[in-house]
Amino acid sequence: MKLASLEGEIWMITDRKGVPDLLTACLNASPFVSAIVLREKDWSFEETADFCNALNEGWDKMSKFQVTPLGFVKPALILNWNGSFDPSSLPIQGLHLGFDLAFSLSKGLQDGRPLLDASPLKIGASIHNQKEWEAVNSLPLDYVILSNIFETPCKPHKQGLGLDGTAAILKTIRADNPAIRAYGLGGLKIQDKAVFTALGLQGIALRSAFF
């Protein structure tokens, strides 16, 4: 696997059910990814905080004892937030919102929008089509994850966006917000990165490749 510092980013989406030790899996992957999205939405604040702290301690030890490859850059830690607790005190660099939560916050159907507006963290959301983008683009989003790009076992029988669909939604998003970053997720392999970065994405997000 190539280092994440090369052209086009690779993001890791966690799935603790796919590995015996999630902490070890994240530490092993960290030299090769630019961000880790902690997608354990059933965790409490305490469980999330304990894991984030352990992961940061592990990264510090790796750096101190120089067991990482040349060119290693500590990846950003992004929490896939379920909206049930205040994440402000966590040692993270970003918050990721599933579409349902993003929609509820954008329409004032759930508390938490002021937290997003005032947060120094990077804010992102999952988008599956152009209508969903239009529904949440009032949020202070720094990036979006477009999903699913191809058909995937995680979402059986749901047709993927493909190259053409990805290009079309990306064109709309960039017309509304030229500065926003976009990543692809769903049915992708590491070797797909070059095709989709050439299309205009900043990178791809992978789960099954790691789990």
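These values consider heavy atoms only, across backbone and side chains, with no hydrogens, waters or symmetry-generated copies.
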Which distance, rounded to the nearest 0.5 Å, do you find between the [atom1] of [X] and the [atom2] of [Y]?
X: T14; Y: L55; atom1: OG1; atom2: CG; answer: 10.0 Å
X: L95; Y: L115; atom1: CG; atom2: CG; answer: 7.0 Å
X: L77; Y: M12; atom1: CG; atom2: CE; answer: 11.0 Å
X: S88; Y: L121; atom1: OG; atom2: CG; answer: 7.0 Å
X: K193; Y: L188; atom1: NZ; atom2: CG; answer: 12.5 Å
X: L27; Y: L23; atom1: CG; atom2: CG; answer: 4.5 Å

Tell me, do [X] and [Y] make a side-chain contact under 4.5 Å, heavy atoms counted?
X: R181; Y: E9; answer: yes
X: N129; Y: F99; answer: no
X: L22; Y: L38; answer: yes
X: P140; Y: R113; answer: yes
X: F103; Y: E132; answer: no
X: L97; Y: L139; answer: yes
X: W81; Y: L101; answer: yes
X: D86; Y: F45; answer: no

Return the minimal non-hydrogen interatomic distance between [X] and [Y], and the atom names on each side.
X: I36; Y: S30; value: CD1-CB, 4.5 Å
X: Q110; Y: G83; value: NE2-O, 3.9 Å
X: N82; Y: S84; value: OD1-OG, 2.7 Å
X: N53; Y: P91; value: OD1-CG, 3.3 Å
X: G187; Y: D192; value: O-OD2, 4.3 Å
X: S138; Y: S106; value: OG-CB, 3.9 Å

Show every donor-acceptor pair shorter than 3.5 Å between a side-chain atom in residues 163-175 and any protein atom, with sequence neighbours excluded, or say none if there are none.
from, atom 1, to, atom 2, distance (Å)
T166, OG1, G162, O, 2.6
T172, OG1, Q130, OE1, 2.7
T172, OG1, A168, O, 3.4
R174, NE, I180, O, 3.0
R174, NH1, G200, O, 3.2
R174, NH2, I180, O, 3.3
R174, NH2, Q202, OE1, 2.7

Honestly curious: do [X] and [Y] fall in one hydrophobic cluster under the side-chain, below-4.5 Å linking rule?
X: F196; Y: I145; answer: no
X: L185; Y: F32; answer: no
X: V144; Y: I149; answer: yes
X: L141; Y: Y183; answer: no
X: W11; Y: L146; answer: no

- Query: Given the rule in the side-chain contact (heavy atoms from CB on, under 4.5 Å) test, do I13 and F211 qualify, once you have shown the distances and angles that lead to the verdict?
  - Reply: CA-CA 9 Å; I13 311 292; F211 297 96; over 6 Å; no

- Message: Determine whether S147 and S126 satisfy the following criterion, side-chain contact (heavy atoms from CB on, under 4.5 Å), listing intermediate values before the conclusion.
- Response: CA-CA 7 Å; S147 174; S126 294; 5.7 Å; no

- Qualifying residues under ring pair (Phe, Tyr, Trp, His ring centres under 6.0 Å), relative to W43, sequence neighbours excluded: F51

- Short side-chain to backbone donor-acceptor contact, T197 and G203, under 3.5 Å: no

- Short question: side chain of N137, backbone of D176 - any donor-acceptor pair under 3.5 Å?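 No; judged by distance alone, with no hydrogens or angles, the pair does not exist.
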
- Item | Trace of the side-chain contact (heavy atoms from CB on, under 4.5 Å) decision for H96 with Y143 | CA-CA 9 Å; H96 186 78; Y143 73 88; 2.9 Å; yes

For [X], look at atom [atom1] and say whether over 12 heavy atoms of other residues, nucleotides or ligands are found less than 6.0 Å away.
X: K189; atom1: NZ; result: no
X: K122; atom1: NZ; result: no
X: D21; atom1: CG; result: yes

- Evaluate the side-chain contact (heavy atoms from CB on, under 4.5 Å) criterion for residues R207 and R39: first the C-alpha distance (whole Å), next the side-chain angles of each, then the deciding distance (0.1 Å), finally the verdict. CA-CA 10 Å; R207 184 175 64 174; R39 190 183 182 276; 3.6 Å; yes

